[in-house]
Amino acid sequence: MRWLLFLSRLAFICGLFFLLTLSLLVKDWIKDESLVSTIITIGFFMGMIIVPITLLCYLLLWIFGKKPGMIVPKWLIVSNIFVMLVLLSYIVYVNYLYTQASI
């Protein structure tokens, strides 16, 4: 089950980059364009793929009777769930703005 610990750590890093990307949308505080593009790539694209896959693995393990909390630290599970909630709220917010602009 070391793969789940690795996947959880990768999701945590991608989640941090997603939060950095959201902060860059609010204020452009990094002037290096190559660094900004790297943060956006990891945050948006990898974060929107890796974090849901990780939570799906947690759910599948939980359904099959294994506790992910025994393999992965609980703070890591909670932080990945928090990032997923922020990610979902961002998706809903962007879609709400899109539907309001088309009216």
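Source: prediction; values computed, not measured.
Closest approach of Ser8 to Leu76, counting heavy atoms only: CB-CD2, 3.6 Å. For the pair Phe12 and Ser79, the tightest heavy-atom approach, listed with the atom from each and the gap, is CD1-OG, 3.3 Å. When all heavy atoms of Pro68 and Tyr58 are compared, the closest pair comes out as CG-O, 3.6 Å. Of all non-hydrogen atoms in Thr54 and Leu7, the two that sit nearest each other are OG1-CG, 3.4 Å.
The structure places CH2 of Trp3 at 11.0 Å from CG of Leu5, a figure rounded to the nearest 0.5 Å. Atom CG of Leu87 is separated from atom SG of Cys14 by 11.0 Å, given to the nearest 0.5 angstrom. Atom CG of Asn80 is separated from atom SG of Cys57 by 11.0 Å, given to the nearest 0.5 angstrom. Here OG1 of Thr38 is found 12.0 Å from CG of Leu20. Values are rounded to the nearest 0.5 Å. The line from CD1 of Ile42 to CG of Leu10 is 9.5 Å long, rounded to the nearest 0.5 Å. Within the model, atoms CD1 of Ile50 and CZ of Arg9 stand 15.5 Å from one another, a figure rounded to the nearest 0.5 Å.
Counting only heavy atoms from C-beta outward, the side chains of Met1 and Met70 never approach each other to under 4.5 Å. Here the side chains of Phe82 and Met84 are not in contact, with every heavy-atom distance at 4.5 Å or above. When side chains are defined from C-beta on, Val92 does not count as touching Asn95, because their heavy atoms never get closer than 4.5 Å. Side-chain contact between Leu59 and Leu55: absent, with no pair of heavy atoms (C-beta onward) separated by less than 4.5 Å. Within the 4.5 Å cutoff, the side chain of Tyr90 has no heavy atoms near those of the Thr21 side chain.
A donor-acceptor pair is defined here as one N or O able to donate and one able to accept, closer than 3.5 Å; no such pair exists between the side chain of Thr41 and the backbone of Met46.
There is a path of hydrophobic side-chain contacts, each under 4.5 Å, that joins Trp29 to Phe44. Placement of Leu25 and Ile40 within a single hydrophobic cluster is found when ILVMFWY residues are connected by side-chain heavy-atom separations under 4.5 Å, directly or transitively. Hydrophobic clustering (side-chain heavy atoms under 4.5 Å, transitive across Ile, Leu, Val, Met, Phe, Trp, Tyr) groups Val86 together with Val94. Connection of Leu19 to Ile91 is established within a shared hydrophobic cluster, with ILVMFWY side chains joined at heavy-atom distances below 4.5 Å, either directly or through further cluster members.
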